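To start, the structure itself, in structure tokens.
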Amino acid sequence: MTAAHAAPVQPLTLAEKIWEAHVVRRAEGEPDLLYIDMQFIHEVTSAQAFDGLRLAGRTVRRPDLTIATEDHNTPTLDIDKPIADPVSRTQIETLRRNCAEFGVRLHSLGDANQGVVHVIGPQLGLTQPGMTIVCGDSHTSTHGAFGAIAFGIGTSEVEHVLATQTLPLKQFKTMAINVTGSLKPGVTAKDIILAVIAKIGTGGGQGYILEYRGEAIRNLSMEGRMTVCNMSIEAGARAGLIAPDDTTYAYLKDRAHAPQGEDWDAAVAYWSTLHTDEGAKFDAEVTIDADALTPFVTWGTNPGQGAPLGDVVPNPADYADPNARQDVERALEYMGLTAGTPLREIAVDTVFLGSCTNGRLEDLRAAASVLKGRKVAEGVRMLVVPGSARVRLEAEAEGLNEVFEAAGAEWRFAGCSMCLGMNPDQLAPGERSASTSNRNFEGRQGKGGRTHLVSPLVAAATAVTGHLAGPADLPALQEV
Amino acid sequence: MEKFVSHTGTAVPLRRSNVDTDQIIPAVYLKRVTRTGFEDGLFAAWRNDPEFVLNKPERQGATVLVAGPDFGTGSSREHAVWALQNYGFKAVISARFADIFRGNSLKSGLLTVVLPQETIEQIWTAIEADPATEVTVDLEAREVRVGELVAPFEIDDYTRWRLLEGLDDIGLTLRNVETIDEFETTRPSFKPATL
Ligand code: SF4
């Protein structure tokens, strides 16, 4: 830790600072051995890791720096009944057995703290600035919103962290994403990150930790910052982060696991050193002008294939690179779209509001503000899946569920749900969704399903009109 | 982990870029709690198509996958690596791999080799012209050999050594357990704990 507390000798970026503070061992020609402050666990990527421990006769080194929940596979209806699919049930039961055997705290279905792993960490105050956080899930980058290095790992690494609380890692390069100016009304964090990915491409962030900076980022709430950091992986980066500030501290204060009393003061004193030093050098820099952004939607089968809502479906012939042209052709074929069609004319049959990208209270509020007094279009089904059981409770306390239900949307229990279609919440072949999640991959939401990634505001407006739309496209409500 | 020194086998050309791990193995196949049996899920959505390259009779028994750029993007699921291994692949060659997929593969002993796209095109041409063409992935010599073609590749010394020796990462780290103990004594008390 000493290096991080002393005055900086050499100016460092935020990511470098946090990294240096966690190096347990550094040796020539070897990866750094990095200390991990917290590991989140869920049912899909942990069973084989616990098995590995058992086979080798190892224990969990720090169960107190580990927490588990059930999210990917869980149903969003009838959660008080046994899980119908026996294979899903086995996976959940295996997690429960493993957590009991190895002494890991688990928030199971039905518990107020159950939910998507990246929603519950921040909510409990377990995600704090300056930490290193891992989880067997690529959207662990979400936690970077607090000024932490947080990244997804594979199951072998999950086992490694369980056994040693460390990971051998090659240092990342750093990239600054400067988002200048300010967002116009109706334009959100989701639109920023979709625009960033469209600009740098799905491989553009590879090998980098992205640091989001600039006025538009500073003006985002913690929820918005999480949305941005969440999708860093979709640009190929393993992690993305944002320097902590008063917004961060205000969010954390008095959360269940936030430091208390003197510890709080000590923590804030340390956290306020967590920023990129004057004169520190990034390996790459990208600038996005927030003033120029409009609601952004995807038309293709990876998150980089997106465009402003006012655009048309692109023409493969306009792509000079033959590989890119082929990618676009294949995407349009899968998506059942014709070049030149205005994006606003694309009709959907499903709207999914939820996921670790946009399943927090602020997202539900945004969508409800559009749906209030309106109806989901005939023939469109809208699923509202809170990111966590607590988000669901908080939304109900505000009456948001009533707004959704009055509009004709389905109010579900928390989990990953249709974000990845591992439970029964899936698209049928050929069905088309507007989804607030993070991946529009082929078959992601169900075999043959077609996904358009959108913000919660666009999701709600799309549900009302039945085709891709923003709130500004809706006729004003009649005064009563 | 099994040692990887050199491997020779026939190959499958996968002329697609941006093959994400949801394509390699869709989520509905991730419910198993073992490391085996994932071969059924490998490229599941494409396997229905008899024309899909993996279904061709001449590609049966192939052990090297030669893929387009940005292979393994998306989800961190290590099941993608297991599915490839369970199916019988020993090595994957591409111009670019997603970070997490590459890390997972090298930890599980599936060798991922980065070669320039021009070289990949040459290999595609060779293995498409004659499916019996053998591809050698030689980790010791750090080169891929296909007929007359010899293509050197880079891999860092540490990873290469670990794979050549078949060493378990956790065992290696635990050699430094005292250094970890010592580091833990310096952690500030304000850091959160779950218990
Ligand atoms: S909500 Fe979606 S992206 Fe987030 S953890 Fe769940 S499956 Fe992954």
Side-chain angles (χ1 to χ4, degrees), chain A residues 1 24-25 29-31 33 35 37-38 44-45 47-48 63-67 73 87-88 90-91 94 105 125-126 128 131 136-138 152-157 159-160 163-166 168 202-203 206-207 236 238 257 259 263 266-267 270 302 323 327 420-422 439 441-444 447, chain B residues 15-18 20-23 26-28 30-35 44-45 68-70 73-79 81-82 96-101 103-104 107-108 117 156-159 168-174 176-177 179-180 182-184 186-195:
Chain A
M1 291 310 297
V24 172
R25 180 173 181 275
E30 290 183 29
L33 190 63
Y35 197 80
D37 287 320
M38 186 66 60
V44 180
T45 56
Q48 294 85 353
D64 61 327
L65 303 185
T66 313
I67 188 165
N73 200 345
V87 197
S88 297
T90 303
Q91 196 167 51
T94 305
R105 172 172 149 196
L126 285 170
Q128 297 176 15
M131 293 173 69
D137 186 281
S138 58
I153 57 178
T155 300
S156 296
E157 291 171 307
E159 183 182 340
H160 196 287
T164 70
Q165 206 58 37
T166 64
T202 52
Q206 219 164 88
R238 255 178 115 169
H257 288 274
D263 266 352
Y270 172 54
N302 72 55
N323 278 326
D327 271 2
L420 90 166
M422 208 169 161
R439 284 187 176 140
F441 296 158
E442 287 182 22
R444 168 83 175 178
K447 196 169 179 178
Chain B
R15 282 189 181 265
R16 289 180 191 238
S17 51
N18 254 307
D20 55 71
T21 53
D22 275 80
Q23 301 330 311
V28 287
L30 306 183
K31 296 178 186 177
R32 260 172 225 278
V33 294
T34 58
R35 274 182 194 248
D70 291 316
T73 51
S75 156
S76 62
R77 57 188 72 161
E78 198 162 314
H79 312 66
V81 171
W82 303 332
R96 193 155 69 167
F97 291 97
D99 287 337
I100 302 182
F101 177 82
N104 288 343
K107 289 215 192 296
S108 296
Q117 187 58 30
D156 67 273
D157 293 341
Y158 181 81
T159 307
D168 156 27
D169 245 349
I170 300 181
L172 285 175
T173 296
L174 288 175
N176 296 304
V177 72
T179 323
I180 303 175
E182 206 175 301
F183 182 90
E184 278 179 338
T186 69
R187 290 183 79 235
S189 63
F190 57 73
K191 295 241 177 175
T194 57
L195 296 177

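Reminder, nothing fancy here: chain letters follow the sequence lines and each chain counts from 1. Everything numeric here is computed off the predicted structure, so don't read it as measured data.
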Per-residue contact mode, B:F101 against chain A (heavy atom under 4.5 angstrom): neither
Pair count under 4.5 Å, heavy atoms only, with chain A: among B:S17, B:G103, B:G74, highest is B:G74
Could you tell me which non-hydrogen atom of A:T166 sits nearest to which non-hydrogen atom of B:I180, and how far apart they are? CG2-CD1, 3.7 Å
Among all residues two or more places apart in sequence or in another chain, which pass the side-chain hydrogen bond (donor to acceptor under 3.5 Å, both in side chains) test with B:R16? none
If I measure from the heavy atoms of chain B, does A:L33 come under 4.5 Å with its side chain, its backbone, both, or neither? side chain
Relative to chain B, which segment of A:N302 carries a heavy atom at a distance below 4.5 Å: side chain, backbone, both, or neither? side chain
Heavy-atom pairs under 4.5 Å with chain A are the metric here; pick the option from B:R15, B:E182, B:H79 that has the most. B:H79
Looking at B:V28, B:N18, B:T73, B:D157, which makes the most heavy-atom pairs under 4.5 Å with chain A? B:N18
For B:S189 and A:D263, test the side chains for any donor-to-acceptor distance below 3.5 angstrom and give the result as yes or no. yes
Let me know if A:M422 has heavy atoms under 4.5 Å from chain B in its side chain, its backbone, both or neither. both
Between B:L174, B:T159, B:N176, who has the most heavy-atom pairs with chain A when the cutoff is under 4.5 Å? B:N176
Heavy-atom check, side chain of B:R77 versus side chain of B:D22, under 4.5 Å: yes
Name the member of B:D70, B:I100, B:N104 that forms the most heavy-atom pairs with chain A at distances under 4.5 Å. B:I100
For A:A267, all residues meeting side-chain contact (heavy atoms from CB on, under 4.5 Å), sequence neighbours excluded: A:P259, A:W271, B:F190
Interchain contact, A:S156 with chain B, by part (heavy-atom threshold 4.5 Å): both
Interface residue of largest heavy-atom contact number with chain B, from A:L126, A:L420, A:T45, under 4.5 Å: A:L126
Where on A:E30 is there a heavy atom nearer than 4.5 Å to chain B: the side chain, the backbone, both, or neither? both
Under 4.5 Å to a heavy atom of chain B? For A:R439 that would be side chain
B:D99 and A:R238 ion-paired at < 4.0 Å: no
